Amino acid sequence: MLTIDKQFNAIKRGTLEIVPEEGLKAKLKKAQETGNPLKIKLGLDPTAPYIHLGHAVVLRKIRQFQDLGHEVYIIIGDFTASIGDPSGKSVTRPQLTAEEIAANAKTYYDQYCMILDPAKTKVVFNSEWLGPLKFADVIKIVSKVTVARILERDDFEKRLSEGRPISMHELLYPVCQAYDSVFLHSDVELGGTDQKFNILMGRDLQTQYGQEEQVGLFMPILPGLDGVQKMSKSLGNYVGITEPPKDMFGKIMSLSDEMMPTYFELCTDVPMEEVESIKAGLTNGTVHPMDTKKRLAREIVTMYHSAEEAAQAQAEFERVFSQHEIPTDMPELKLSDELTDGKVWIVKMLVMAGMVPSNSEARRLVQQGAVSIDGEKVSDPSANIEVKDGQVLRAGKLKFARLTL
RNA sequence: GGGGGGAUGCCCGAGUGGUUAAAGGGGGCAGACUGUAAAUCUGUUGGCGAUGCCUACAUAGGUUCAAAUCCUAUUCCCCCCA
């Protein structure tokens, strides 16, 4: 058994803040003494069922708790989804049907299992306890929270002062989330910094209900591949945990150098001392950035696939980009039905290969000199190409297809 | 309930009768440079086998030789007063 301090330090890695740190230590201690596991809470929005490295940061932290023997409750916020966490951007959210939520939850579950221990994970829906509440119950709950307290929330405060609208139901969102904590008697709630207000609200409400307050554990928001905005699918700057090794490796290699230490810390299990020395090495130039990035990519691919696949992905990467050779495997494009006098229009090929969405886009690529066949540039958008079996069509740096007849 | 403002391409945002497929910026894509990086520079960014044609400025009609721009109705959003 690890000492409390060691447990605490392991958990602390990568966290932005633990509120309060002493509270967590006390809980860990109590759990060890009594043998009762802590209840770890994580709320998830059921609307976006695609898990990427950004989500993984929090999930991996949760996994650590499991490894220490604690119980994890994943709360699917199906009830609260009908409110939507107030952001001021989209006040109204599309209502999901029960089927959609169930389907999303299932997809989620399949992906969690890549990170979490399914045996120690309980998935619950907050509609289960929020749904049956009567209006009188709601008033009772709400009476424990003051308006001033609610309006402290950045987003509300800002909107209020800017004269932008705030709907009543939005005020209820943090309360609902806090009530989840009360209902579950949670000991620790994890979330991104954007969850700070809601999680602290949970502490307040638990106190009101005479419960021991939960500890808030905040993880940083992982910046996306662009290094600027948070990782999100809709921004396209993400690495999905179910992506093929090759894609995962390639995407990580496209990170900017400055992002590397952050990714090492939040996305891998490389010991912190080593992360620090890598960081120092990068700063004083004793460590080669590209090698380091390859290491990073390898660590991450290994985590979600395997060491062999990671090695293969790296070999492939080096082959294509360092030695400028073509990839070993690529999609095939069957052209036998498209031949006219043994020729195929270049634009048509690109569209058929799925490399571009439209003929116009294909023309543009050709005109810009991004298209080649067997290394020979095609620059005329109206060209009809005489195709030979096995030739390689390339568009831009990343898109390849083998032509077959 | 009354008064006012607004809805433009992936996003932001100009444009108030005619060289407007629509300025500018962001983002994306491509090229150069590289370490498939970042930064920078350049080009490009509705569709169509295409020196032209079609579709687009919330929706539906209308005026006009000509509309994103004017008129009418509809939908949605915001602000102020009550």
Side-chain angles (χ1 to χ4, degrees), chain A residues 88-94 159-167 223-239 243 245-264 281-283 285 287-298 300-301 313-327 330 338-341 343-372 375 377-385 393-400:
Chain A
K89 282 184 204 154
S90 52
V91 180
T92 42
R93 285 216 181 176
R159 278 199 274 166
L160 201 61
S161 68
E162 287 173 359
R164 284 152 60 211
I166 301 170
S167 297
L225 295 173
D226 56 7
V228 182
Q229 287 178 285
K230 72 169 183 178
M231 182 173 282
S232 92
K233 182 151 192 234
S234 57
L235 293 172
N237 60 357
Y238 67 98
V239 182
E243 288 192 64
K246 209 166 84 178
D247 296 351
M248 220 179 227
F249 197 97
K251 281 190 178 187
I252 291 159
M253 288 306 289
S254 76
L255 270 178
S256 69
D257 292 354
E258 302 78 71
M259 299 305 300
M260 287 197 280
T262 306
Y263 271 63
F264 266 112
L282 286 170
T283 311
V287 170
H288 195 289
M290 190 169 65
D291 292 339
T292 310
K293 210 177 286 177
K294 283 178 182 169
R295 160 93 191 275
L296 175 66
R298 216 164 48 231
I300 293 174
V301 175
Q314 177 166 351
E316 184 73 4
F317 175 85
E318 287 166 353
R319 193 185 149 72
V320 176
F321 297 105
S322 306
Q323 291 158 41
H324 304 290
E325 288 177 32
I326 55 171
M330 64 184 93
E338 303 299 328
L339 295 175
T340 311
D341 298 334
K343 293 180 178 177
V344 181
W345 184 28
I346 184 68
V347 166
K348 182 127 195 173
M349 262 190 249
L350 292 164
V351 174
M352 280 179 63
M355 291 169 171
V356 290
S358 70
N359 287 11
S360 300
E361 192 66 41
R363 281 168 183 275
R364 261 171 234 135
L365 274 188
V366 173
Q367 272 159 358
Q368 291 181 127
V371 177
S372 65
K377 193 172 280 188
V378 179
S379 50
D380 176 9
S382 61
N384 287 297
I385 309 293
L393 171 68
R394 176 175 194 168
K397 285 179 186 138
L398 298 166
K399 287 169 278 199
F400 295 87

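Note that these values count all heavy atoms, side chains included, but never hydrogens, waters or copies made by symmetry. First the proteins, then the strands, lettered A, B, ... as listed; each starts at 1. Just so we're clear, the structure is a prediction, and the values are computed from it rather than from any experiment.
Taking atom P in both B:U72 and B:C77, the straight-line distance is 23 Å, to the nearest Å. Atom name P, nucleotides B:G61 and B:A14: the rounded distance is 29 Å, in whole Å. Remark: the separation of the C1' atoms in B:G15 and B:A67 is 13 Å, to the nearest Å. Atom P of B:G52 sits at a distance of 35 Å from the matching atom of B:G13, rounded to the whole Å. Comparing the same atom, C1', in B:A23 and in B:G47 gives a spacing of 23 Å after rounding to whole Å. Between B:A58 and B:A68, the distance separating the two C1' atoms is 12 Å to the nearest Å. B:C70 and B:G18 are spaced 11 Å apart, taking the P atom of each and rounding to whole Å. Nucleotides B:A21 and B:A73 have their C1' atoms positioned 29 Å apart, rounded to a whole Å.
Along RNA chain B, the nucleotide nearest A:Lys251 and the nucleotide nearest A:Pro381 are compared for position; the residue whose nucleotide lies closer to the 5' end is A:Lys251. Each of A:His288 and A:Asn384 lies near RNA chain B, and the nucleotide nearest A:His288 is the one positioned closer to the 5' end.
Between the P atom of B:G31 and the CD atom of A:Gln367 lies a distance of 14 Å, rounded to the nearest Å. In this entry the distance linking CD of A:Glu258 with P of B:A39 reads 9 Å, nearest Å. Remark: P of B:A38 and CG of A:Asp257 are 10 Å apart, rounded to the nearest angstrom. Here the P atom of nucleotide B:G35 and the CZ atom of A:Arg319 are 20 Å apart, to the nearest Å. Computed from coordinates, the A:Lys397 NZ to B:G28 P distance equals 14 Å when rounded to whole Å. For A:Leu282 and B:A38, the CG to C1' distance is 13 Å, given to the nearest whole Å. Rounding to whole angstrom units, CD of residue A:Gln368 and P of B:A32 are separated by 11 Å. Look at CD on A:Glu361: it is 14 Å from C1' on B:C48, rounded to the nearest Å.
Under the 3.5 Å distance criterion, the side-chain polar atoms of A:Asn237 are matched with a main-chain donor or acceptor of A:Lys230. Remark: the backbone N or O of A:Met260 is not paired with any side-chain donor or acceptor of A:Lys293 at under 3.5 angstrom. A distance-only check finds a donor-acceptor pair linking the side chain of A:Arg394 to the backbone of A:Lys397 [under 3.5 Å].
For the pair A:Ser360 and B:A50, the criterion of a side-chain N or O lying under 4.0 Å from OP1 or OP2 is not met. OP1 or OP2 of B:G47 sits under 4.0 Å from a side-chain N or O of A:Ser358.
Residue-nucleotide stacking is not present for A:Phe321 and B:G35, judged by a side-chain ring centre under 5.5 Å from the six-membered base ring centre and planes under 30° apart.
Here B:A50 is the nucleotide among B:A38, B:A30, B:A50 with the atom lying nearest to any side-chain atom of A:Asn359. The side chain of A:Arg364 sits closest to B:G47 out of B:A38, B:G35, B:G47. Comparing atom distances between the A:Ala370 side chain and each of B:U45, B:C48, B:G31 picks out B:G31 as nearest.
Across all strands shown, B:A39 remains unpaired; no Watson-Crick or G-U wobble contact has both distances below 3.5 Å. Under the Watson-Crick or G-U wobble criterion, with both distances below 3.5 Å, B:G46 is paired with B:C54. Look at B:C33: it lacks any Watson-Crick or wobble partner with both distances under 3.5 angstrom.
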Determine whether A:Tyr263 and A:Leu255 satisfy the following criterion, side chain to side chain contact (heavy atoms under 4.5 Å, CB included), listing intermediate values before the conclusion. CA-CA 9 Å; A:Tyr263 271 63; A:Leu255 270 178; 3.7 Å; yes
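Nearest heavy-atom pair, A:Ala297 versus A:Met253, reported as atom, atom and distance to 0.1 Å: CB-SD, 4.4 Å.
Note on A:Lys293: a base of the nucleic acid sits closer than 4.0 angstrom, heavy atoms only. The residue A:Gly396 sits close only to the backbone: its heavy atoms come under 4.0 Å of sugar-phosphate atoms, none of a base.
Other residues, nucleotides and ligands contribute more than 12 heavy atoms inside 6.0 Å of the NZ atom of A:Lys251.
Using a 4.5 Å heavy-atom cutoff, the side chains of A:Val356 and A:Leu365 are in contact.
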